[in-house]
Amino acid sequence: MAIRDILVYPDPRLKQVAEPVERFDAELRELVHDLEQTMDAGPGAVGIAAPQIGSCRRVIIIDVSSRPKLKNHGRLYLVNPEIIHWEGLETGREGCLSVPDYTGNVVRAQRIRVSALDPHGRPLELDMEGFEARALQHEVDHLDGLLFLDRLVSRRHDLFKRKTYQARKDKP
Amino acid sequence: MAHWYMLTVVGADRPGIVARISQCLYQAGCNLGEASMIRLGGNFTIMLMIQTAQPRRQLEQALRPVTEELALSLHLDPIEGHLHEHRQPDVRITVFGADRSGIVAQVSGALAEAGLDILELESSVAGSRQHPLYIMQLEGVATRGIEALRQALAEELPQDIDVRIEPIDTLVG
């Protein structure tokens with residue numbers, strides 16, 4: 001069990017589609033543990049996916065509880081996660097452990113329903129919104145060989161403003 | 001030993017400016033760094049970091065055929081090229097109103113006093129000739145927090161200007 005090196009773009013392993021997990025054994029538990037240690041060692045990451053440490057398996061961790069004002073489920077260890085429903089779109093800023101020194105705007109679904117297994121193989125179904133939903137979508141993209149760079153939208157023109165109709169509240 | 005320069009290019013917009021300038025720099029053995037290129041009021045503008053071992057005069061000479069043919073004015077300044085040190089903005093501010101003089105001075109003055117450090121700013125004059133509209137979008141670091149910016153604008157913002165202040169919470173995953 002260890003903190004592992006984070007693969008950095010353009011490492012070709014980040015472009016692979018990860019394989020579903022079929023066995024919930026000691027090897028999986030070790031992978032989850034390494035993922036967690038590596039995420040916690042990094043600078044302020046709210047999620048990590050197994051391909052980022054060179055394991056081509058469909059395993060992610062997300063944890064946005066560092067933003068206590070935002071709705072969240074705490075720390076989630078998800079195996080074979082799937083987005084089974086989504087609604088709404090919003091633009092937000094993302095960066096990535098695998099893409100140092102760059103952040104960009106990405107459009108993501110606002111609300112999602114996720115089905116997954118926990119590390120013991122028990123099924124889960126979760127409703128997520130906002131920042132937590134964004135974190136999950138970012139990590140699931142890693143499982144499909146996609147980086148946020150693949151989804152960048154213009155930094156200058158915000159197509160889907162986050163709070164369009166609250167504009168006047170900012171005015172005195 | 002290679003040095004960094006900031007190349008500034010301005011001229012009436014026409015197709016091919018970026019391609020011609022960058023080809024010329026590539027042939028002259030320059031490495032390009034970060035850039036901002038945008039059309040402003042019918043002019044095409046380039047701010048481009050260039051790394052080269054050539055002396056300034058030689059680089060200007062290499063670019064001259066292109067700048068003369070495309071009627072571009074060009075300027076080169078030696079700079080420090082600090083790459084891989086991006087600062088992350090934590091606030092985005094959108095300002096708009098019927099165009100008049102003083103909008104930028106009033107808004108940026110109030111925000112600067114409240115601790116805003118601007119990292120990028122873009123503005124347009126839109127609307128019609130009869131009713132021009134000024135729109136400005138900027139991103140920066142609120143060194144004294146976003147609430148300080150809101151308060152400063154609440155106290156000092158003229159009533160004819162609309163402002164939206166949004167936090168940028170960057171997700172790292």
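None of these values were measured; they are calculated from a predicted model. So that the names make sense, note that chain A is the first sequence line, chain B the second, and so on, each numbered from 1.
Of all non-hydrogen atoms in A/Arg93 and B/Pro89, the two that sit nearest each other are NH1-CG, 3.5 Å.
Of the atoms belonging to B/Glu139, it is side-chain heavy atoms, and not backbone ones, that fall under 4.5 Å from chain A. At a 4.5 Å heavy-atom cutoff, the contact between A/Glu139 and chain B is made by side-chain atoms alone.
At a threshold of 4.5 Å between side-chain heavy atoms, the hydrophobic network of Ile, Leu, Val, Met, Phe, Trp and Tyr places B/Leu59 and B/Leu72 in one connected group. One hydrophobic cluster, built from ILVMFWY side chains closer than 4.5 Å, holds both B/Tyr134 and B/Leu157. Using a 4.5 Å cut-off between side-chain heavy atoms of Ile, Leu, Val, Met, Phe, Trp and Tyr, with links allowed through other members, A/Leu126 and A/Tyr77 fall into different hydrophobic clusters. In the hydrophobic clustering of ILVMFWY residues, with side-chain heavy atoms under 4.5 Å counting as a link, A/Leu146 and A/Val106 come out apart.
Looking at B/Asp169 and A/Arg134, their side chains never come closer than 4.5 Å, going by heavy atoms from C-beta outward.
With a 6.0 Å radius and a threshold of 12 heavy atoms from other residues, nucleotides or ligands, B/Glu85 has its CD atom above the threshold. No more than 12 heavy atoms of other residues, nucleotides or ligands sit less than 6.0 Å from atom CD of A/Glu82. Applying the 6.0 Å contact sphere to CG of A/Asp5 captures no more than 12 heavy atoms from other residues, nucleotides or ligands.
Here the CD atom belonging to B/Glu166 is positioned 9.5 Å from the OG1 atom belonging to A/Thr91, to the nearest 0.5 angstrom. Here the straight-line distance linking atom CG of B/Leu171 with atom CD of A/Gln137 works out to 10.0 Å at 0.5 Å rounding. Note that OH of A/Tyr102 and CD of B/Gln88 are 10.0 Å apart. Values are rounded to the nearest 0.5 Å.
Looking only at distances, a side-chain donor or acceptor of B/His86 sits under 3.5 Å from a matching main-chain atom of A/Asp101.
Partner A/Thr103 forms a side-chain contact (heavy atoms from CB on, under 4.5 Å) with one of B/Thr170, B/Val172, B/Ile168 and no other, that one being B/Thr170.
Contact tally against chain B (heavy-atom pairs below 4.5 Å) for A/Gly95, A/Ala45, A/Ala49: the top residue is A/Gly95.
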